[in-house]
Amino acid sequence: MIKKFATALALAAGLTACGSEAQSSEPAAQPTDPGVGHVHGLGVDPATGKTYVAGHFGLFTLENKKLVRVGDRTADHMGFTVAGPKTFYASGHPAEADIGAGQAPHLGLIRSSDSGRTWEQVALAGTADFHALQVVGATVYGYDSQTGQVWRGKGADLKPAARLDLLDLAAGVDAPERLYATTPDGVKVSGDSGTSFRALKGAPLLSFLDVTGKDHLVGVAPDGRVHTSRDGGSTWRPGGRLPMQAVAFTAVSADRLLAAAMDGTVYESTNAGRDFTAVHQP
């Protein structure tokens, strides 16, 4: 299982490298829309119920099983999360043309208050590349892939916390100071807002994890198996399995789960992961 998770982390690192290398090359003419590219993030806007797909070449909505670009940005959203109605946070790399024009290669933390149509800078512009983002209440957690540093704070006031190797972060409104991280050594948990972490004993090896309610966790393993806990991670129950390894995953609720495959296929479950249906295929 450790080997499988390492593969997942290597995959994530590969996508990082792919994004960085592509963005640092000379801008190429793109007469047609480049499409989503690799999928890095998923979410649902509670204001509209629309599903959003964040990828290598921008942000898209899912409409009738097709992806429709939001705005005209082609930035690489390596990190993406829906924080509330029409409120999204993201990170990653600017578009190729912007880097070619001299913009720094890392977006830092950016925010949209109009469902991704426009974005504003929040913090760490030009330096941080957050590959994992978690917003709980007014608190933002981010994992900077450049340094292995967890950052936390409110608004532009982000401060460094622990350093560790991780793929995903999770926290819930009932205990915002309790921060979970999926790592090659297993799930770890912090009780002090990311200052320190300890192993979550008995937890399965997970690639992605979300908090969907008080003490209710749902995650997906490197082999695609969904696992849930209703006691804060003390005990776990295996569920259904995705038909592939997930490269992006989010629990919209305890019942509604979204996942994406390397080939860009997006899957949805409406029964807590017992089974999944493809809602978009490239």
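Here the structure is a predicted model, which is why all the values come from computation and not from measurement.
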Examine distances only and state if a side-chain atom of His40 and a backbone atom of Gly79 form a donor-acceptor pair shorter than 3.5 Å. no

Test item: Lys50 and Glu63 side chains (from C-beta on) under 4.5 Å apart, heavy atoms: yes

Sub-3.5 Å donor-acceptor pair from the side chain of Ser269 to the main-chain atoms of Asp275, do we have one? yes

Interatomic distance, Trp119 atom CH2 to Leu59 atom CG [nearest 0.5 angstrom]: 6.0 Å

Side chains of Thr195 and Arg152: any donor to acceptor distance under 3.5 Å? yes

Min side-chain heavy-atom separation Thr270-Asp255 under 4.5 Å: no

Partner set under ring-ring contact (aromatic ring centres under 6.0 Å, His included) for Tyr267, not counting sequence neighbours: none

Is it true that Asp215 and Arg230 make a salt bridge, defined as a side-chain N closer than 4.0 Å to a carboxylate O? no

Are Thr228 and Leu217 side-chain neighbours, meaning at least one heavy-atom pair lies under 4.5 Å? no

How about Phe88 and Phe80: are their ring centres within less than 6.0 Å of each other? yes

Can you tell me which residue among Val44, Thr212, Asn271 is in a side-chain contact (heavy atoms from CB on, under 4.5 Å) with Arg256? Val44

Taking the side chain as every heavy atom from C-beta outward, state whether Thr61 and Val53 have any atom pair closer than 4.5 Å. no

Pair Asp45 + Lys86: basic N to acidic O under 4.0 Å: no

Sub-4.5 Å side-chain heavy-atom contact between Val247 and Met262: yes

Answer whether the closest heavy-atom distance between the side chains of Val136 and Val173 falls below 4.5 Å. yes

Less than 4.5 Å apart, any side-chain heavy atom of Leu258 and any of Phe249? no

CG (Asn64) with more than 12 external heavy atoms under 6.0 Å: no

Heavy-atom check, side chain of Arg69 versus side chain of Pro34, under 4.5 Å: yes

